[in-house]
Structures are given as C-alpha cells and as structure tokens.
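These notes concern the structure reproduced below.
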Amino acid sequence: MSRRSVPAALAGRDVGFVCGLTWLLPDVVGALLSDAASVPPAEALASVAVAAGVDFVFVPAGELWAAEAASILAASDIATIWSVTGVFGRVALSLGWVEALRLTAAEPGALASALAEALHDALVEMRAGIAAGVEAVLVADDLAGATGPLVAPDYALDALIPCYRSIARTARVDGVPSIFHSDGDVRVLMPSLVRAGFSAIHLAGIGEDAWGACYTAARSEGLAVLGGLEAMSVVHGARRAGERAGRIALADGLLVCDDGGITSAEEVVALTAAIDVAREVFAAGTTV
C-alpha cells in the first residue's frame, strides 16, 4: 500500500486495507529498539512503523523532530498524519483544565482572545506540516470523556467549531485532508465537523458499544473513521480485537489503528498482532 492511498481512503475511496499507529511516546518507541540510545527520535519512530507494516503514523506537530520524521516516513512510503493540538486543548494547558472548563460555563466570552491566539499557533504548526509534505492534518481536542461531554456542546458549536473550520479550510486549500480527534462521544458535533471541512474522525476513549454507535453516526455523516483497536481490548485479546476491526474494515472501509492509549512496548507488540489479524480477516474476505 502506498502512502498516497491514505488521503484516498480519507476521501472515502475504496483502496483496500489501510492501517496505522497513533501517538507513540518516545520511551515506548525506544523500548522496542535494541540500540535506542543511538537512534534519533524521528528514525526510531520510522523504524517501528516499518516493522509494524503500517500505512500511516501520527506525528506530533510540536516535536522538534516532527518534520524530519515526516521526511523519513515518506522515504519509507508511509503517510504522516500531522497531529496538531486543538484550540481548546492549548487554552486548557495554559490556564489549567479546571479553570478553562469553568470559564466555558461561567463566562464563555472570557476565552475568546485566548482561543484566537491558540488558533494562530495551531495554524502555524499546521502550515509547517503542509510544507513538510504530510498526507493529512489531525486536530486533537478532547471535548468529551467516557462518561460524557467535558465541554458543553453549545459552547463547542459556538466557540470552537469556527476555529476548527479555519484549520480544515486552510488545509484544504493545499489539498490536505483534515481529521478530527476527541475522546468520548462527540456525535452531536459530527454534522458541524463535516460542514467545517473535515474528512474523517478518530474515535477513542469509549467502550465497544459506544464506539459502534459513534462509528455508525460518523459514517452516516460521510466521515471516514480511524480507530477500531482500543488499547484495553487489544491487551486483553489481540486476536478478538483484530478480527472485529478487520470485519468492520471489510464491511465499510475503517482505517484501522489504535485509540491513542498505547503506553508500553508490550502493548505495541499486542497492537501489531491485532493489526496483522485485521489484515488477514480483510484479505480473506476480499478473496471469498
């Protein structure tokens, strides 16, 4: 599979089985390499991706080595999904999550200037990725948790969606598709994300039943979906998790990857095994 197949899959075209890795911490990557101390982070990430046989990797835009990683991945025919922290996440990191969340409810207008500054910084990072030749941009803003919304949907629609629209439309001018990530159930925002210009969504931080409902909602809105392999499911049964993801990919074009919850080398090994199973299920289904 060519890295060029990833934007095609994000656009909804049938290009076969597509899989990837999300955010792997440098110490996790290092633990997978025997000579990690002598391997720069960008090379280490690419080595793990090549060994896993994946088609795409999430690369955090804020890392000093991010552009180098994109270049090395491209040379290995692996797509870079350029991960940019969303506007609310930036504000929350600056003010503290408790205070930022309090202000969204008590004084919604108080965050306007901070959000504008965060949008500027996000656009700068996004343009750096486009200049580096990445295949897609991902906006990561955790607006919900496993038990419900963190940010009120009305606030997200009024204050955050316009910022996301600026990012997605700026990327689209350069022909780069945009993906949105949030933990939790964000079905209420999906129609607005589509109108804002997003092609896909990365679903995470929810159980299997809720994931299925969110997946169905996303596909009904025309969004491609990344995910299908939640870290806990993979750890407790790589084969079962892989079979499930493979069946979904076969039926409706899921881009198979983890949910961002991989935190150890052992979990990466289990994840890779699950991806292999998903690939086998997909291949078997297409040859029947």
Side-chain angles (χ1 to χ4, degrees), residues 1-11 13-85 124-140 170-179 181 199-200 202 224 226-227 229 249 255-258 260 262 265 267-269 271-276 278-279 282-283:
M1 188 73 66
S2 164
R3 65 190 174 97
R4 297 298 179 190
S5 67
V6 173
L10 294 174
R13 294 198 286 277
D14 182 4
V15 296
F17 184 76
V18 179
C19 62
L21 304 172
T22 70
W23 303 279
L24 295 184
L25 299 173
D27 60 338
V28 173
V29 172
L32 293 164
L33 303 175
S34 58
D35 56 347
S38 63
V39 181
E43 293 182 19
L45 180 61
S47 294
V48 170
V50 169
V54 297
D55 304 300
F56 64 84
V57 176
F58 287 14
V59 174
E63 297 289 352
L64 295 176
W65 45 265
E68 182 185 4
S71 177
I72 297 172
L73 289 166
S76 300
D77 208 18
I78 296 173
T80 292
I81 293 181
W82 190 255
S83 173
V84 176
T85 300
V124 168
E125 284 191 353
M126 186 204 67
R127 291 186 179 109
I130 292 173
V134 303
E135 281 69 34
V137 171
L138 178 139
V139 178
T170 300
R172 190 167 57 187
V173 168
D174 288 289
V176 177
S178 298
I179 305 162
H181 161 88
S199 301
H202 176 233
L226 293 82
L229 294 174
L255 285 76
V256 175
C257 65
D258 60 285
I262 299 297
E267 290 174 354
V268 176
V269 172
L271 171 63
T272 301
I275 289 173
D276 287 342
R279 186 184 287 111
F282 187 95

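None of the values given here were measured: they were computed from a predicted structure.
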Contacts under 3.5 angstrom, residues 40-49 side chains, donor-acceptor by atom type, not counting sequence neighbours:
{"unit_1": "S47", "atom_1": "OG", "unit_2": "E43", "atom_2": "O", "d": "2.9"}

Query - Separation between CH2 of W82 and CD1 of I130, rounded to the nearest 0.5 Å - result: 10.5 Å
Requested in this report: Please tell me if the side chains of W65 and P60 come closer than 4.5 Å, counting only heavy atoms from C-beta onward.
Outcome: yes
Report task. Search all heavy atoms of S83 against all heavy atoms of A140 and return the closest pair with its distance. Result -> OG-CB, 4.4 Å
Requested in this report: Give, for atom CG of L271 and atom SG of C257, the distance between the pair rounded to the nearest 0.5 Å.
Outcome: 8.5 Å
Report summary line: Minimal heavy-atom distance between R279 and G53, with the atoms involved, is NH2-O, 3.0 Å
Requested in this report: For the residue pair V54 and T272, establish whether any side-chain heavy-atom pair is separated by less than 4.5 Å.
Outcome: no
Report summary line: The ring pair (Phe, Tyr, Trp, His ring centres under 6.0 Å) partners of W23 (sequence neighbours excluded) come to F58, H181, H202
Query raised in the report: Which pairs with one or both residues in residues 131-140 pass side-chain hydrogen bond (donor to acceptor under 3.5 Å, both in side chains), sequence neighbours excluded?
Result: R3-E135
Query raised in the report: What are the two closest non-hydrogen atoms of A278 and V256, and how far apart are they?
Result: CB-CG1, 4.4 Å
Query raised in the report: Say you draw a straight line from CG of L73 to OG1 of T80; how long is it, rounded to the nearest 0.5 Å?
Result: 4.5 Å
Query raised in the report: Within the side chain of D258, is there an N or O that forms a donor-acceptor pair under 3.5 Å with the backbone of L21?
Result: no
Query raised in the report: Is the shortest heavy-atom distance from the side chain of R127 to the side chain of T170 under 4.5 Å?
Result: yes
**Report entry** Minimum-distance pair of heavy atoms, taken over all atoms of A265 and A31
**Finding:** CB-CB, 3.7 Å
Report summary line: CG (L138) and OG (S178) are apart, to the nearest 0.5 Å, by 9.0 Å
Query - Qualifying residue, where the test is side-chain contact (heavy atoms from CB on, under 4.5 Å) with L226 and the options are V6, T22, L255 - result: L255
**Report entry** Heavy-atom closest contact (V59 atom, A69 atom, distance)
**Finding:** CG1-CB, 4.2 Å
Query raised in the report: What is the distance from atom CZ of F56 to atom OG of S5, rounded to the nearest 0.5 Å?
Result: 10.0 Å
Report summary line: With M126 as partner, the option from V137, V176, V134 fulfilling side-chain contact (heavy atoms from CB on, under 4.5 Å) is V137
